[in-house]
Each structure stands twice: as C-alpha cells, then as structure tokens.
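In what follows, every chain begins at residue 1, and chains take the letters A, B, ... in the order their sequences are listed. Below, all heavy atoms of this structure are taken into account, side chains as well, without hydrogens, waters or symmetry copies.
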Amino acid sequence: MTRLTVESVGIQALLEDHGRSGLAHLGVGRSGAADRASYDLANRLVGNRPGAACIEVTLGRLAFTVDATVSMAVTGAPVAIRCGNRAHAVNASFPARAGDTVTLGTPAAGLRTYVAVRGGIAGQEVLGSVSWDTMAQLGTPPLRAGDVLQVSHAKTDWPATDVAPVAAIGSGPLDLPLLLGPRDDWFTDEALDRLANREFTVTSDANRVGIRLDGPDLPRCHSGELASEGVVLGALQVPTRGRPTLFLADRPVTGGYPVIGVVPLSGVNRAAQAVPGTRIRFRPRRR
Amino acid sequence: MTASSACAPVLRPCGDTAWLLDLDDNRVVHRWATAVRKAGLNGVSEVVPGLSTLLVTLDPDVTDSATLHAALTALEPWPEMAGEDERHVIDVRYDGEDLHAVADLTGLAVDEVVAAHTGTPWRVAFCGFAPGFSYLVGGDPRLRVPRRDESRVRVPAGAVAIAGEFSSVYPRVSPGGWQLLGHTDAVLWNPAADPPSVLRPGAVVEFRDVTR
C-alpha cells in the first residue's frame with residue numbers, strides 16, 4: 001500500500017472530495033473541494049474516479065514524501081513543483097518515485113492548489129465524505145507534518161492525455177455572473193444598480209465558508225428580519241449591517257439574511273481562487 | 001380551505017440549481033417537504049426546510065432548473081394527518097446556568113419557566129448553525145427571551161436552551177449565545193448513525209422534567 005508522509009504544511013492542507021449530499025436538512029452542508037473544476041481536473045489527469053479525495057492546499061508550501069512510485073497531478077493555483085531533484089509543470093501528470101519528496105512552492109496567482117495521486121487518498125470518512133468541513137468541523141482533520149496518508153483504490157483507466165490546457169488564473173478583476181434572487185426584491189433599485197456597476201473587493205476575511213467583500217452599500221427597501229431559509233453554494237448574502245458575503249463550499253445550510261443573487265458554479269470555482277485584494281465585478285441578470 | 005388553494009407557493013430562483021418555495025408557515029413547509037420527498041423527483045439533491053420556506057436543490061448532471069420548476073408546480077402539499085408525526089420525549093435536568101436569568105427576563109418563577117418549557121409540544125422547524133442543531137418552535141410565548149449579551153465559547157453537548165421563539169438542544173460541544181435552561185443525556189447527534197440526527201425537521205419534541 002502506497003503511503004504519503006506529510007513533511008510540512010504551509011497555511012492549510014485539507015483532504016477534499018465531492019462532499020456530502022442529501023444532509024443539508026440536518027444541518028450538514030456539502031463541503032468538498034472549493035474549486036471543483038480544478039479538483040475534477042486533477043483526478044482526471046491521473047485517471048481517478050470522480051470524487052476521489054485530493055489534497056487542497058491553500059497558498060502552497062506543502063511537502064510530502066512517497067514510499068512507492070506513483071503518478072500525481074497538481075492543478076488550480078499554479079505553483080512550482082519539485083519532485084526529488086526534478087521540476088514538473090502543473091496541469092500534467094508526472095511520476096513520483098519511491099522516496100521522492102514532493103514540494104509545492106507559493107502560487108504566483110490564485111489561492112488553492114489541488115494534488116491528486118493515482119488511486120486517490122484515503123481519509124477519515126464521515127457521512128460519506130472525507131472532506132474537512134471547516135465550519136461544521138467534520139471529516140478528516142487538517143493535515144499536519146508527520147501525518148501518514150494511504151493511497152486508495154479509486155482509479156479507473158488512464159485518460160487519453162496527460163496534459164490539460166487550462167485558462168490561467170489572472171490577477172485582474174474577476175467578472176462573475178450573478179443570477180438575481182431569491183431576495184433581490186428586498187433591495188432598492190439603487191442597490192441593484194450599484195451591484196451591476198460598481199466594483200467589490202475581496203477582503204482578508206475569506207476562507208472556505210465564504211468571501212467577505214468590500215464595496216458600496218446595498219440599501220434595502222424592505223425592513224424587518226428575514227426568517228431563516230436554506231442557502232445555496234454561490235449565494236451572495238447581504239447582512240443588515242456589514243459587508244456582503246459570497247458563500248463557498250463550507251457555507252451554512254440556512255441563514256437569516258437576504259440573498260440578493262447567486263453566482264453559478266463556474267463562477268464559484270473562480271471566486272474560490274480569488275486572493276484578498278482581488279476586484280470583483282458582478283454581471284447580474286434575471287432568470 | 002383546500003390544500004391547493006391555501007398553499008400554492010411562490011417559487012423564487014436560487015441560481016440555476018435550486019428553487020425556494022416561499023410558504024406561509026412552518027407546518028406547510030413540512031407538508032411540502034414530504035410531498036417533494038415522496039414524489040421522488042429525478043435529480044433532486046437536497047430538500048431543506050427554513051422557517052417559512054423550502055429550498056429544493058438539483059443535481060445539474062441529472063436535471064435542470066426548468067424541469068424542476070415544472071415538477072414542483074405540479075405538486076401539492078402532502079395532506080396533514082393526525083398522529084403521523086415523528087415524536088420524541090427528551091428528559092431534561094433543569095439546572096442550566098441561565099435558568100434564573102430567564103426567570104428574571106420573563107417575570108416567571110423558576111418552576112414556572114420549567115412548566116412552560118415542558119408544558120407544550122415543540123416542533124423542529126429547521127436545522128442549521130451546526131450539524132444536527134434543530135430550531136424548535138411552537139413553545140409557550142412567555143418564554144421568548146433574547147440571546148445572551150455575550151456568547152459562550154463552549155456550550156456542552158446536551159445543553160437545552162432558548163432564544164427568541166426557539167428552543168434547541170446543542171447536539172455537540174460548540175460556541176453558543178442561547179440561554180441555557182438545563183441539559184439532557186440523550187444523544188441527539190451521531191455521525192456513525194443513519195440518519196445521524198435524531199431531531200429532524202417536522203418532528204414533535206416534548207421536554208420532560210427529571211431534575212429531581
């Protein structure tokens with residue numbers, strides 16, 4: 001059984017997979033990889049079954065050693081990869097040999113890097129997923145130096161290609177589509193106008209739960225409090241006072257502030273790569 | 001009042017993978033939740049009650065938003081049937097740190113707080129805040145108290161608490177700002193069990209005083 005030994009962790013390294021589904025009514029959110037597109041790509045590059053667990057690394061700087069030869073791929077926020085004494089590129093599969101230490105540098109752009117190992121990584125499965133939900137504190141706890149991870153058997157046939165062309169993660173403003181609702185009618189026309197025409201900025205208060213944004217006030221035309229209701233991935237929630245929050249993988253399942261609009265999944269994946277300071281322009285439209 | 005005329009819901013869009021049914025009250029929410037679950041609609045991934053809404057999310061690999069909209073508008077709320085609700089009795093020792101504060105806030109004697117909390121059945125309106133954390137409604141209106149001014153960093157599992165119109169039992173150790181009335185030894189959250197949570201939306205909950 002192939003094993004990975006974690007040598008060092010930068011800010012955060014988590015096991016993440018497709019997450020938990022069908023339990024939101026019990027207060028259990030989906031969690032799972034924050035940038036699903038990069039995560040899925042990493043698994044495809046090494047011929048893993050969809051949903052195999054990968055390591056999600058925040059701001060790079062992960063090092064681990066493998067005890068047997070294994071194929072791996074690194075996607076998402078691009079980092080320099082050292083494997084033994086060799087360098088490898090992101091978005092392509094490469095072999096790590098028995099005894100090699102694999103080291104990820106700091107990303108030049110973006111926030112979250114995914115490491116897939118052929119077979120996937122085994123973890124502590126809770127309610128059908130190994131994903132660590134940072135808000136619910138469920139799943140496989142955050143990786144620490146000294147942890148030994150087993151490689152699993154979630155593999156399938158090799159893909160036809162071992163390199164994937166991927167649009168670069170830029171550092172310029174992020175354009176995010178936003179489907180208005182369910183509570184856009186709680187906001188004034190002025191608020192909807194500002195939402196469409198002004199810029200927002202990702203604050204340092206950004207994690208797997210959500211991204212708090214600086215930007216113009218979004219005044220309401222509706223007074224009173226919202227009765228708690230279900231919240232979806234990508235919801236842009238606007239508290240009475242304070243800054244709007246764009247919810248990511250570890251969002252709460254219910255919330256008591258109105259959601260003005262929802263960013264579709266492709267936009268959520270890009271938002272999950274936005275570092276603090278990134279400017280965001282929303283492109284609201286009605287369904 | 002027929003079921004359909006009373007309950008024809010407004011469907012609010014939640015992105016391209018969910019609809020929010022805007023309903024009148026929490027009882028109707030559970031009737032709709034039952035209807036959606038029993039209909040077994042293809043590609044429905046989550047059915048999530050709120051206080052007066054029901055969120056229905058879809059799996060985009062299986063279905064799409066327009067198909068789900070059409071399926072939901074063709075449904076009617078599940079008919080209400082007496083005696084069909086899931087019921088739980090929870091034994092509570094009323095020795096919570098905020099019991100006297102709640103008595104002061106409500107103008108009731110401590111025994112009267114306990115009698116009010118045990119005197120009416122509650123219902124799980126919805127879950128949230130933490131895995132297995134259930135918001136119970138339908139209690140004695142005299143028990144409406146604000147949250148504590150300062151949230152506790154650590155509330156033990158099994159703590160029985162109230163805030164606003166709600167009561168709850170903390171399913172796991174967590175931070176919390178609700179007023180603590182007492183505690184129960186009942187295990188309400190077990191991630192190894194299926195389902196992992198005892199107090200599920202729609203269930204009726206009665207508290208029984210076992211302090212002495």
Check chain A against chain B and list any donor-acceptor pairs under 3.5 Å.
| unit_1 | atom_1 | unit_2 | atom_2 | d |
| --- | --- | --- | --- | --- |
| A/Gly22 | N | B/Glu46 | OE1 | 3.4 |
| A/Gly22 | N | B/Glu46 | OE2 | 2.7 |
| A/Leu23 | N | B/Glu46 | OE1 | 3.2 |
| A/Ala24 | N | B/Glu46 | OE1 | 2.9 |
| A/His25 | ND1 | B/Arg37 | NH2 | 3.4 |
| A/Leu26 | O | B/Gly132 | N | 2.7 |
| A/Ala136 | O | B/Arg172 | NH1 | 3.0 |
| A/Ala136 | O | B/Arg172 | NH2 | 2.4 |
| A/Pro182 | O | B/Arg12 | NH1 | 2.7 |
| A/Arg183 | NH1 | B/Asp22 | OD2 | 3.3 |
| A/Asp185 | OD1 | B/Arg12 | NH1 | 3.1 |
| A/Asp185 | OD2 | B/Arg12 | NH1 | 3.1 |
| A/Asp185 | OD2 | B/Arg12 | NH2 | 3.0 |
| A/Ser228 | O | B/Leu51 | N | 2.9 |
| A/Thr254 | OG1 | B/Cys127 | O | 3.1 |
| A/Arg287 | NH1 | B/Gly15 | O | 3.3 |
| A/Arg287 | NH2 | B/Ser65 | OG | 2.8 |

So, for [X] and [Y], which heavy atoms are closest and what is the spacing to 0.1 Å?
X	Y	answer
B/Ala18	A/Val232	CB-CG1, 3.7 Å
A/Val253	B/Cys127	CG2-O, 4.1 Å
B/Pro196	A/Leu26	CD-CD1, 3.8 Å

Please rank [options] by heavy-atom pairs under 4.5 Å with chain A and give me the top one.
options	value
B/Gly128, B/Gly50, B/Pro13	B/Pro13
B/Pro195, B/Ala193, B/Pro191	B/Pro191
B/Ala125, B/Pro131, B/Pro49	B/Pro131

* Asked: Can you say whether B/Ala130 sits under 4.5 Å from chain A via the side chain, the backbone, both, or neither, judging by heavy atoms?
  ->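 Just the backbone, heavy atoms under 4.5 Å.
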* **Toward chain A, the part of B/Leu51 with a non-hydrogen atom under 4.5 Å** =>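 Contact with chain A: backbone and side chain both.
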So which residue, [options], ends up with the most heavy-atom pairs under 4.5 Å with chain B?
options	answer
A/Val231, A/Leu179, A/Val28	A/Leu179
A/Leu23, A/Leu265, A/Leu178, A/Leu233	A/Leu23
A/Gly230, A/Ala235, A/Ala136, A/Ala227	A/Ala136

Checking [X] against chain B: side chain, backbone, both or neither under 4.5 Å from a heavy atom?
X	result
A/Leu226	neither
A/Val263	neither
A/Val126	side chain

